[in-house]
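Inspection log for the structure reproduced underneath, given as C-alpha cells.
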Amino acid sequence: MNPRSLRFKLSWMHGLVISLVILFIGFVRYNTVSYRSSRSFDDSLLNDAQFLASHFRLRADGSWVLEASSPGDKLSLEELRSNLIVTDSAGNVIRPDLHDHYMQGFISSGGLRGTLKQGSGFGLTLAAGGDTYRFVNLIAPDSGKEVILHLCRSMESLRGVLNEYFYIYLFSVPVILAISVPVGWYLAGRALKPFEEVATIAEQITSENLNTQITTKRNEQEVRRLVLAFNSMVKRLNESFQQMRKFNADAAHELRTPLSILQGENEIALRSAGLPEEIHSVLASNLEELQRLTRIVNDMLILAEADAGSQVLARKPNNLRPMLEDLVEQMGVLAEDRSIEFDLAEIKDVVIDADPLWLRRAFLNLLDNAIKYSKDSGRIEVRTVLRDGWVDISIRDEGIGIAPHDLPHIFDRLYRADPARSRSSGGVGLGLALVKWIIEAHRGHIRVKSIVDRGTTFKISLPTLNPPAKEDLNDPALT
Ligand code: ADP
C-alpha cells in the first residue's frame, strides 16, 4: 500500500465521505428524535397531571384526596400519586406524610425549592443521585390558585434511549471505515486496472518495438480514450522514427561513394612523385580523416540497416574458444606495443549459434576498447563461465574506467565518455552501440561494470546450444 498512490487516496476518500454522510444523517436524526421524544414526554406528563387534577379534591381541613370514579382510575391514580407533590402557592408542601419515602427524600434534599415555588408550567431539577427530573406544575381546580400540583418523572429512560442512539452512531464510524476502505480499495483497484495495463505496456515500448499497439477489452469511455490517444501517439512516434532511420540510412549510403572516391584520389595524389613536404603531410592527414569518416559512415549504415531489420545474420554452430583465442592473438600485436598482457586462462569449449563475422566484430570492438583505454603494461583478462544454457564471456581491463554518470550512456550512439581521449584513439562512439546490437541480435545481453582508474568489465551472456558432441568441438568448421 503506497500512501501516495491514487488507489490508496481513493479508498480512504471513499471511506471518509461515507462516514461523514452517515455522521451527518445521524446528527440530523438524533436532533429530530431528541426533539420529538422530549415533546411526547412532556405531553404524556401534562396528560397525567391533568388526569390527577381532575380527580383532586381539597378538603375543608386542608388535606387532599384523589377520588377515583372507577377501579381502573384508582389503579392509575395510585401509580401517579407516588410522583405527586402538592404545595401551597409559596411552595410549602401540604401533607408531606402522604408522599412515599423516595419523594420525601427528594423534597427534603432542597433541590426542588425553585420548582415548587413555580405556579404553573414545566420545570427541570437534578436529584441528589444525579438523575434529572421533569416537573409539570398545575393549579389545583377550585383551590383559588392556592394549591399547586407538581407531577414529576425521571428523564433517565429518555436520556438512556437518546444516549444509546448517539453511541450507536458514534461507534458505527470506525466500523463503516473498516468496511468501506477495503471496499473502496477493491473498487479503486478495479477502476484503475486498465490504466495500469496501459502503463505496463507503455513501459515495455522502446525504439525497437514502436509499432506496438495496445488493445483492450474494456468499454469504458475514459479507458478507450486513453488507449486511442496512446496508440496514436506511438504511431506518430513510429512514423518519425522510421523517417529518421531512413534518412540516416540514405545519408550514410549516399556518403559512401563520394568518400571512397575522395579516399582513392588522395591515395593517388600521395603517390605522386616530387610532392612538396607540406602538401604531402596535408594529404596524409586528409587521408587519415577520410578513413575515419568512412568508418563512421560504414558503422552508421550498419546500424541504420539493423534498425530497419535488413541486416541478416548467417548463423551456424560456432565453438567460442578458438574464436576468442584467434581474436586475442590478432590483437596481440596492438597490445604488445604498449606492453599489455592478455590472460586467457579460463576459456571453455562451448558451442553457440552465431554469425561468426558479426560476433568476431563485437569481440574485436570490446578487445580494441580494452586495449585503447588500458594503461601501459596493464592486463586484460578474458574468461568464460558456463551456466544453465548460457555462457558468460567477460572482458576485464585495468584501465582508466568509466565514470558512474557515463555508464548508462556508453551504449548510446555517438556517445563518448571522454571525447578528447576517444577521438585521439580513433573512436567515434559507435563501437559499443554496434556491439549491443550484435549481441542482442544473437538473443544475448551485455552489461558493464566499471570503477574509475581501476578498470572496466564487459560481461556478455549468450545462449549456448545443447551440450555439443565431442567431435563437434574438434570440428574445424566450428571455429
Ligand atoms: P569509441 O569508439 O569512442 O571507443 P565506443 O562506443 O566503443 O566508442 O565506446 C563509447 C565510450 O565508452 C568511449 O568513448 C569510452 O569513453 C568508453 N569506453 C568503452 N570501453 C571502455 C573501456 N574498456 N574502458 C574505459 N572506457 C571505455
Side-chain angles (χ1 to χ4, degrees), residues 207-208 248 252 259 288-307 311 324 327-328 330-332 334-344 357-384 392-442 444-461:
S207 59
E208 267 86 57
N248 280 350
L259 272 176
E288 226 173 78
E289 287 303 317
L290 280 170
Q291 281 164 348
R292 209 172 94 82
L293 214 55
T294 307
R295 274 204 310 277
I296 298 175
V297 168
N298 282 342
D299 284 354
M300 275 173 64
L301 192 61
I302 292 170
L303 286 167
E305 285 174 353
D307 287 342
Q311 287 286 4
L324 287 172
L327 288 171
V328 168
Q330 215 176 306
M331 301 303 283
L334 265 180
E336 251 170 47
D337 285 350
R338 296 180 43 214
S339 316
I340 294 170
E341 193 189 310
F342 270 107
D343 176 2
L344 264 170
L357 287 179
W358 281 116
L359 208 58
R360 284 175 78 89
R361 180 155 194 174
F363 286 130
L364 262 183
N365 276 359
L366 292 173
L367 290 170
D368 184 46
N369 276 350
I371 296 172
K372 264 193 318 198
Y373 300 108
S374 265
K375 295 167 188 162
D376 287 348
S377 314
R379 199 167 142 270
I380 298 171
E381 185 185 274
V382 183
R383 253 163 225 278
T384 57
D392 295 333
I393 307 119
S394 55
I395 298 174
R396 187 164 76 86
D397 64 59
E398 295 169 348
I400 58 169
I402 304 167
H405 61 267
D406 286 320
L407 268 181
H409 306 290
I410 56 162
F411 293 105
D412 295 350
R413 291 171 194 189
L414 297 172
Y415 188 87
R416 288 172 297 171
D418 181 353
R421 186 166 179 152
S422 177
R423 192 184 155 83
S424 70
S425 52
V428 292
L430 282 173
L432 286 180
L434 203 60
V435 171
K436 188 167 187 280
W437 171 74
I438 296 171
I439 300 300
E440 285 175 358
H442 282 86
H445 41 259
I446 178 163
R447 275 153 295 172
V448 59
K449 269 195 206 155
S450 188
I451 300 176
V452 175
D453 269 338
R454 296 273 294 278
T456 304
T457 306
F458 283 93
K459 188 159 146 193
I460 298 119
S461 302

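In each ligand, atom 1 is the first atom listed, and ligand 1 is the first ligand listed.
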Atoms of ligand 1 close to Ile410 [distance to a heavy atom under 4.0 angstrom, numbered from 1]: 10 (C), 12 (O)

Measure from the side-chain N and O atoms of Arg396 to the backbone N and O of Gly455, and report whether any donor-acceptor pair falls under 3.5 Å. no

Any salt bridge between Arg361 and Asp299, counting N to O under 4.0 Å? yes

One residue to check: Leu430. Relative to ligand 1, which of side chain, backbone, both or neither has a non-hydrogen atom less than 4.0 Å away? backbone

Among Leu432, Ile395, Asp299, which one puts a heavy atom closest to atom 6 (O) of ligand 1? Leu432

Below 4.0 angstrom from a heavy atom of Arg416, which ligand 1 atoms are there? Numbered from 1 as shown, please. 3 (O), 14 (O)

For Ala370 and Ile395, which heavy atoms make the closest approach, and how far apart are they? CB-CG2, 4.3 Å

Given Ile438 and Asn365, is the side-chain contact (heavy atoms from CB on, under 4.5 Å) satisfied, shown in steps? CA-CA 11 Å; Ile438 296 171; Asn365 276 359; 5.9 Å; no

Looking at ligand 1, does any of its N/O atoms fall within less than 3.5 Å of an N/O of Ile400? no

Using the rule given for side-chain contact (heavy atoms from CB on, under 4.5 Å), can you reason through Tyr415 versus Asp406, listing the C-alpha separation, both sets of side-chain angles and the distance that settles it, and then say yes or no? CA-CA 9 Å; Tyr415 188 87; Asp406 286 320; 2.4 Å; yes

May I ask you to identify, for Phe411, whether its side chain, its backbone, both or neither come under 4.0 Å of ligand 1 on a heavy-atom basis? neither

With a 3.5 Å distance limit and no angle check, can you tell me whether Asp397 reaches the backbone of Ser374 through a side-chain donor-acceptor pair? no

Report the member of Tyr373, Phe458, Tyr415 with the shortest heavy-atom distance to atom 18 (N) of ligand 1. Tyr373

With a heavy-atom distance limit of 4.0 Å, tell me whether Ile402 approaches ligand 1 through its side chain, its backbone, both, or neither. side chain

Would you mind finding which of Ser374, Gly429, Gly399 brings a heavy atom closest to atom 1 (P) of ligand 1? Gly429

Name the one of Val435, Leu432, Ile393 that satisfies side chain to side chain contact (heavy atoms under 4.5 Å, CB included) with Phe458? Leu432

